[in-house]
Amino acid sequence: DFSRVTQPIVRYRLNYILVLKEGSCSCGNAATAIERIEGRSDDSLILEGKDGRQITVFADLCNRVIAGVLPLEADYRLVQEGKQMRFSSNCPDELLKGCTAALENCFKAQGADISQIKWEISTSIPESDFTQKRRRISRVKQA
């Protein structure tokens, strides 16, 4: 359509958490530069810190911890509901316990009070449809 005199501007609300770059971009562009993408706000865990404040742990960090412990072909789900963490994977129980210990170490390094976390471990992943990721970290939002 070469005769159009207007162009719609469509804005999408994305739920990405961005870290802005300090200073200007090395290319010289004056626009705001992005240092990195932390993750998505709906794929983050909210934990209680040792000082009582809330600590956000992004799914990408948890995925890296889990990938370092579980076999590459393993699928998993980590779901937070309040202080309850449900971790399930198609792996032996000992491996899942090692993975939850690695996650706790990660949470502790972020400043979380891990004594508040109640773990529920399962060696089978719940059935899901094909519209969801097979390796998923999520938080059930509290009302």
Side-chain angles (χ1 to χ4, degrees), residues 1 4 6-143:
D1 182 4
R4 183 181 304 164
T6 61
Q7 175 68 37
I9 297 175
V10 180
R11 289 186 168 195
Y12 293 98
R13 179 177 286 292
L14 300 175
N15 54 0
Y16 290 102
I17 307 296
L18 306 175
V19 175
L20 300 180
K21 185 174 184 144
E22 296 288 329
S24 60
C25 182
S26 60
C27 71
N29 190 333
T32 303
I34 297 172
E35 181 74 34
R36 66 184 179 279
I37 300 171
E38 282 287 349
R40 295 174 47 155
S41 63
D42 60 346
D43 288 345
S44 60
L45 305 178
I46 306 294
L47 303 174
E48 188 173 326
K50 294 175 184 171
D51 57 1
R53 63 184 173 86
Q54 288 186 338
I55 294 175
T56 302
V57 179
F58 293 102
D60 186 50
L61 180 60
C62 296
N63 283 328
R64 284 182 278 172
V65 170
I66 294 169
V69 177
L70 296 185
L72 292 175
E73 69 276 1
D75 291 331
Y76 55 84
R77 303 269 193 299
L78 176 59
V79 179
Q80 178 189 16
E81 188 167 354
K83 295 181 181 182
Q84 179 79 30
M85 292 282 190
R86 290 191 309 270
F87 183 58
S88 56
S89 180
N90 51 350
C91 293
D93 193 48
E94 301 82 37
L95 207 52
L96 297 183
K97 288 179 181 175
C99 196
T100 57
L103 284 167
E104 283 186 341
N105 287 336
C106 173
F107 298 159
K108 187 189 290 187
Q110 300 296 312
D113 181 5
I114 60 169
S115 67
Q116 301 286 324
I117 300 172
K118 307 290 186 253
W119 288 96
E120 180 183 315
I121 300 172
S122 173
T123 57
S124 62
I125 297 178
E127 288 291 322
S128 64
D129 57 30
F130 291 107
T131 62
Q132 292 184 341
K133 297 187 291 185
R134 294 171 60 192
R135 297 176 180 174
R136 181 149 182 106
I137 296 172
S138 60
R139 175 174 38 93
V140 176
K141 308 243 184 325
Q142 302 292 314

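For reference, positions follow the sequence shown, starting with 1. These numbers were taken from a predicted model, which means no experiment stands behind them.
- A pairwise comparison of heavy atoms in C62 and V57 identifies SG-CG1, 3.7 Å as the closest pair.
- Remark: K108 NZ is loosely packed, at most 12 non-hydrogen atoms of other residues, nucleotides or ligands lying under 6.0 Å away.
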Walk me through whether M85 and L45 qualify under side chain to side chain contact (heavy atoms under 4.5 Å, CB included). CA-CA 10 Å; M85 292 282 190; L45 305 178; 3.9 Å; yes
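- Note that CZ of R86 is 13.5 Å distant from CD1 of I121, once rounded to the nearest 0.5 Å.
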Let's go through N63 and Y76 carefully: what are the C-alpha distance in whole Å and the side-chain angles of both, what is the deciding distance for side chain to side chain contact (heavy atoms under 4.5 Å, CB included) to 0.1 Å, and is it a yes or a no? CA-CA 10 Å; N63 283 328; Y76 55 84; 2.6 Å; yes
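- Under the 3.5 Å distance criterion, the side-chain polar atoms of Q80 are matched with a main-chain donor or acceptor of I46.
- Residue S89 comes nearest to D75 through the heavy atom pair OG-O, 2.7 Å, listed as atom of the first residue, atom of the second, then distance.
- You'll find the side chain of T123 stays beyond 4.5 Å of the side chain of N90, heavy atoms only.
- Closest approach of C99 to L70, counting heavy atoms only: SG-CG, 4.1 Å.
- In plain terms, the two heavy atoms of Q110 and L61 that are nearest each other are NE2-CD2, 3.6 Å.
- Side chain of R36 to main chain of V19: no donor-acceptor pair is present (N/O by atom type, distance under 3.5 Å, no hydrogens or angles).
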Under the side chain to side chain contact (heavy atoms under 4.5 Å, CB included) criterion, do I117 and L47 qualify, and how do the steps go? CA-CA 8 Å; I117 300 172; L47 303 174; 4.3 Å; yes
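- Between W119 and F87, the ring planes are perpendicular. Angles over 60° get that label, and only those under 30° would be called parallel.
- Every salt bridge (charged side-chain N to carboxylate O under 4.0 Å, His left out) that E48 has, sequence neighbours left out, goes to K83.
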Using side chain to side chain contact (heavy atoms under 4.5 Å, CB included), reason through L78 and L103 one step at a time and then give a plain yes or no. CA-CA 11 Å; L78 176 59; L103 284 167; 4.1 Å; yes
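- Other residues, nucleotides and ligands contribute at most 12 non-hydrogen atoms within 6.0 Å of the CD atom of Q54.
- Annotation for P71 and L95: closest pair CD-CD2, 3.6 Å, computed over non-hydrogen atoms.
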